[in-house]
Enquirer: 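Have a look at this one before I ask anything.
Note that ligands are numbered from 1 as they come in the structure, with each ligand's atoms numbered from 1 the same way. Everything quoted here is computed from the prediction, not taken from an experiment.
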Amino acid sequence: MKNREDTMHIRLINPNTTASMTAKIGVAGARVAAAGTQVSATNPDAGPVSIESHFDEAVSALGVLDEIRRGEREGTDGGERVDAYVIACFGDPGLLAARELTTAPVIGIAEAAFHLATLISTRFSVVTTLGRTCIIAEHLLQNYGFAHHCRKVRAAEIPVLDLEDDGACALGRIIDECRRAKTEDGIGAIVLGCGGMADLTDEIREAVGLPIVEGVTAAVKLAESLVSLRLGTSKHGDLAFPRAKTFTGRFDYLGS
Ligand code: 2AL
């Protein structure tokens, strides 16, 4: 990691393979980054075009790990070293495995958003895409210890790729669900539950009149803080680099 006086490089990994969403995530991250922060955005070469099931998430995690390995190689191949990674899907797919592969900080957008929401409110609700993905956010809230801060995980019933389609009325449906959360949940803030919502924060905040915590931007600012403080992923204990071993079949490239 570099000194805080230097520039830093944050790599945003969109775990799905939709390039337009990756570009949007990159723009949203760059907008909030400090003057000295370079933001780059990538997605895996292979995997689901959107992540809206446990199956999609499991497959996408392998792509995330490939992207971390690629980022680490760039640093040693004379390219721009990556100082921190953000996993820009609200299920935080592959988060702990990704941390095992690097000394840089790795931050999931769900955990980043939950952390920031607890700093500005005592209770928040999450507004995500499809109802079937609510359980993914609920499991994360439990695993991360945030369940008692969250009143409700709500769905706007939007397929993820509708967020890429101007004609799909996604914004209006998200705003409607956020307004219902404000009226019914007794909350102080709303967390947006999809990386593909990263460009909608300002409009939603204005329409709903509550603090809106969006994960990509939250994670970029947390990543900057960790790099500035020279805090990287601990290599003491379970997040140490994985033990070298043979991988068989189509995973033989992972072996040593
Ligand atoms: C997501 C997300 O953030 N990106 C994606 O493809 N699926 N999560 C979600 N709940 O829809």
Enquirer: Using side-chain contact (heavy atoms from CB on, under 4.5 Å) as the criterion, point out the one residue from Ile109, Asn14, Val39 that pairs with Val86.
Expert: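 Single side-chain contact (heavy atoms from CB on, under 4.5 Å) partner of Val86 among Ile109, Asn14, Val39: Ile109.
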Enquirer: Check each atom of ligand 1 against the heavy atoms of Ser50 and keep those under 4.0 Å away; list them by number with element.
Expert: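 Those atoms are 6 (O).
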Enquirer: Is there a polar contact, in the sense of an N or O pair closer than 3.5 Å, between Gly193 and ligand 1?
Expert: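 Checking ligand 1 against Gly193, an N or O pair does fall under 3.5 Å apart.
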Enquirer: If you measure from atom 4 (N) of ligand 1 to every heavy atom of Cys89, Gly47, Pro93, which option wins on shortest distance?
Expert: Cys89
Enquirer: Should you measure from each heavy atom of Gly195, which atoms of ligand 1 turn up under 4.0 Å away?
Expert: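 Those qualifying, in numeric order: 2 (C), 3 (O).
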Enquirer: Would you mind running through ligand 1 and noting each atom that sits below 4.0 Å from a heavy atom of Thr133?
Expert: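 Listed by number with element: 10 (N).
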Enquirer: Does atom OH (Tyr253) have a neighbourhood of more than 12 heavy atoms from anything else shown, all under 6.0 Å?
Expert: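 Correct, the count exceeds 12.
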Enquirer: How is the hydrophobic cluster of Leu96 composed, in terms of its other members, when Ile, Leu, Val, Met, Phe, Trp and Tyr link through side-chain heavy atoms under 4.5 Å apart, directly or indirectly?
Expert: Leu239
Enquirer: Does Gly196 have a non-hydrogen atom less than 4.0 Å from ligand 1?
Expert: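 The answer is no, since Gly196 has no heavy atom less than 4.0 Å from ligand 1.
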Enquirer: Any N or O of Thr129 that comes nearer than 3.5 Å to an N or O of ligand 1?
Expert: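 Yes - when backbone and side-chain N and O of Thr129 are compared with those of ligand 1, one distance drops under 3.5 Å.
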Enquirer: Compare Ile51, Leu130, Thr128, Ile109 and give the one whose heavy atom is closest to atom 8 (N) of ligand 1.
Expert: Ile51
Enquirer: Donor-acceptor pair, Arg179 side chain versus Ala207 backbone, under 3.5 Å?
Expert: yes
Enquirer: What pairs with Leu95 under side chain to side chain contact (heavy atoms under 4.5 Å, CB included), at least two apart in sequence or on another chain?
Expert: Ile87, Asp92, Arg99, Val106, Glu111, Tyr144
Enquirer: In terms of hydrophobic clusters joined by side-chain contacts under 4.5 Å, are Leu116 and Ile190 together?
Expert: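 Each belongs to a different hydrophobic cluster.
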